[in-house]
Amino acid sequence: MAQKDDRKRLGKKHRQASTRPKKGRAPKSTPTTGAVDPRKRKVISTAAAKKAAAKRISRRSPEFESKKTVAQADGAAPKKKSMARRVGSPPNDARPADGIVGRQTPRSANVAGRERLLDDDWRDVEAIAAGFSVETGVAAEAADLPLIAVCGRPNVGKSTLFNRLTGSRRSIVGDEPGITRDRIYGEIEWMGRDARIVDTGGVVPDDEALIPSEIFRQAQVALEEADAIVMVVDGRTELASPDLELSRLLLRGGKPVFLAVNKMDTDALLAGAENFRRLGFRNVMPISAEHGSGIGDLLDAVFEVLPEEQDHEPEAVMLTADNELEEDEDGPDFSPEPLQHEAGAAPVRVRRLRSHGEYDNKETKVAIIGRPNVGKSTLLNALTGTDRAIVSPIAGTTRDAVDEVVERGGHNFRFVDTAGIRRKGKTKLMAEKLSVIMARKHLEAADVSLLVIDAGEGVAAADANIGGYAHESGRSVIIVINKWDLMTKVGPDGMRLFDGKPPADQKIYEQDVRDKLKYLDYAPLLFISAADGKNIESVFKKVELVSRERRKRVTTGQMNRFLEKVDFQKASVPMNKRVRIYYMTQAAVAPPTFVLFTDKDVKLHFSFERFLGNQIRENFGFIGSPIWFKVKARNKKKTE
């Protein structure tokens with residue numbers, strides 16, 4: 001009794017667990033998981049515990065004995081456990097919670113091993129992606145070139161042939177079937193002649209699933225506009241029903257078709273190409289897209305039937321000073337201005353040029369970035385006015401970057417629809433990992449980025465990370481809040497239709513976005529509905545404005561006069577991080593980069609960079625573009 005009272009007086013935290021078994025039947029215990037507080041342990045259900053016990057191998061079973069025998073035969077004799085390990089002390093590489101008796105937690109070595117495997121896997125994918133090209137499709141001036149379409153069923157080597165003909169690794173190639181889904185365009189040159197080529201997804205005509213049917217529809221668009229067609233089959237396999245159905249479809253089209261029997265890597269396989277003549281094509285050519293054999297004969301035959309290309313170079317007209325001033329105030333004029341050269345001639349578009357050479361930019365590359373299923377492909381279709389990209393409710397539909405050129409009043413915009421960027425742990429297939437890496441590569445190659453955010457879900461952590469990629473790479477950013485119609489569309493009761501809540505207020509929503517994306521305070525914000533086409537025209541004007549602002553240049557005299565007006569005492573900077581700026585000059589554009597000549601060679605404090613950047617924006621603009629600073633000390637000693 002005294003011993004029991006002593007335990008009471010010690011308090012709950014200092015009580016010692018009794019090792020003496022209680023009388024009667026032992027209570028049923030359920031295992032616990034997780035290195036958490038014992039009072040907050042997550043209890044596993046009895047069914048899950050039984051399932052785990054069934055998977056456990058008994059020490060007396062033949063399976064355990066065989067594993068034990070193999071382990072001892074492969075290496076030296078097993079080491080004896082130390083006395084410290086026998087009394088229950090935790091291993092050296094375990095977490096602090098692993099030594100608690102009765103707690104079933106994974107060892108830290110296992111967790112670290114999984115992380116290492118994940119990193120190694122991604123390093124391999126990054127090494128593969130390093131060989132891929134971020135070149136976009138054909139230029140706007142090459143739109144009149146003859147077109148060659150490459151088609152076939154999945155996994156026959158169409159993308160490999162496309163990369164071979166274009167001389168670049170534009171399409172993602174892998175062993176997984178169905179990687180290519182959208183139309184991928186490129187340019188080829190053969191014997192002094194130029195042509196366009198389009199890579200299509202694997203065609204399965206009878207598949208009624210959403211994505212295969214959309215792939216077939218995209219392929220039909222390419223086949224209709226093509227001047228010549230190259231059908232690719234796998235020479236190492238038998239003919240499949242998709243091959244027969246596609247051949248019937250192409251024969252009824254009436255266009256010149258060339259059958260490329262791919263994967264004929266050795267001379268012994270060349271005779272097998274004659275078996276594919278039963279498809280009904282006259283031009284049957286054995287090739288190896290991977291090794292390049294037979295490609296020359298195929299191009300010779302294809303270019304013989306292509307029509308001659310036509311040259312329609314747009315006229316370039318310089319804007320006057322008044323027109324430039326009006327464009328700066330009201331935005332660019334996107335209305336077309338046809339110019340007639342002669343009577344009966346086709347009208348030619350006019351490309352307006354500004355007086356400054358830095359504005360003489362024929363094409364602005366715009367990357368559409370964001371999480372999966374936020375409406376990037378729908379936005380591309382709305383901007384181009386076509387069904388250029390496949391749209392589906394399935395996340396991760398887009399894999400290859402899809403680009404399209406839109407001309408507005410002499411301004412060429414190339415919009416690039418990238419794949420949804422996800423976390424590393426959320427991607428399983430090699431094609432998905434490649435698409436994420438290539439999306440970031442296309443972002444770094446663009447001038448302006450459209451950060452698309454789902455209005456119904458708001459700003460998530462992934463949106464902030466993706467915006468950080470654009471900010472750190474120096475791309476101009478425009479925040480696009482898509483699906484805004486769902487937030488404002490109300491029913492008879494005055495509530496939103498999809499969730500029954502009051503309609504969202506635009507100012508309150510914008511303030512919430514600004515609070516969560518504080519580092520993008522310089523980025524313009526637009527509310528659109530890509531599905532309904534609302535406020536799409538404002539995207540063009542913002543893109544043109546932001547692309548012009550990132551190429552703006554400020555003279556050294558203007559910058560020095562600006563420095564005289566700035567009150568640097570208002571900058572909240574620690575005293576040891578304060579610097580004295582003698583003068584500063586703009587060293588580069590896109591993004592605007594300024595060199596500061598200071599008295600100390602120290603890295604600028606982030607608050608000082610923010611203060612100076614805000615002061616520069618108030619005086620000179622630079623809307624939508626990040627500002628970079630470089631420090632150069634005047635009295636810095638020269639090192640040998």
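Keep in mind that the numbers below use all heavy atoms, side chains included, and drop hydrogens, waters and symmetry copies.
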*Which residues pass the salt bridge (charged side-chain N to carboxylate O under 4.0 Å, His left out) test with Asp182, sequence neighbours left out?*
none
*Inter- and intrachain pairs under salt bridge (charged side-chain N to carboxylate O under 4.0 Å, His left out), touching residues 218-229, at least two apart*: Arg183-Glu225
Only pairs under 3.5 Å count here: list side-chain donor-acceptor contacts from residues 520-529, not counting sequence neighbours, and write none if there are none.
from: Tyr522; atom 1: OH; to: His471; atom 2: ND1; distance (Å): 2.7
from: Ser529; atom 1: OG; to: Asp485; atom 2: OD1; distance (Å): 3.2

*Hey, do the aromatic rings of Phe562 and Phe620 have their centres closer than 6.0 Å?*
yes
*Quick one: do the Asp447 and Thr364 side chains pair a donor with an acceptor below 3.5 Å?*
no
*side chain to side chain contact (heavy atoms under 4.5 Å, CB included) with Asp199: which of Thr180, Asp400, Asn163?*
Thr180
*asked:* Quick check: Phe606 with Phe611 (ring centres under 6.0 Å apart)?
replied: no
*Determine yes or no for a side-chain-to-main-chain donor-acceptor pair under 3.5 angstrom, with Arg196 supplying the side chain and Tyr185 the backbone.*
no
*Answer yes or no: is there a donor N or O on one side and an acceptor on the other, between the side chain of Arg475 and the main chain of Ser473, under 3.5 Å?*
yes
*Going by atom types only, do Ser435 and Glu432 share a side-chain donor-acceptor pair under 3.5 Å?*
no
*Between Trp484 and Ala455, what is the shortest heavy-atom contact and its length?*
CE3-CB, 4.0 Å
_Donor-acceptor pair, distance only, cut-off 3.5 Å: does the side chain of Lys376 make one with the backbone of Arg371?_
yes
_I want to know whether Tyr583 and Phe597 have ring centres closer than 6.0 Å._
yes
*Backbone N or O of Val459 within a donor-acceptor pair of the Asp463 side chain at under 3.5 Å?*
no
*Taking atom types as modelled, is there a side-chain donor on Ser538 or Asn535 under 3.5 Å from an acceptor on the other?*
yes
*Taking NZ, NE, NH1 and NH2 as the nitrogens, is one of them in Glu537 or Arg408 under 4.0 Å from a carboxylate oxygen of the other?*
yes
_Flag, side chain of Asn482 to backbone of Val374, donor-acceptor distance under 3.5 Å_ = yes
*SB check Glu510 Lys507 (cutoff 4.0 Å)*: no
*With a 4.0 Å cut-off, would you call Arg561 and Glu564 a salt bridge?*
no
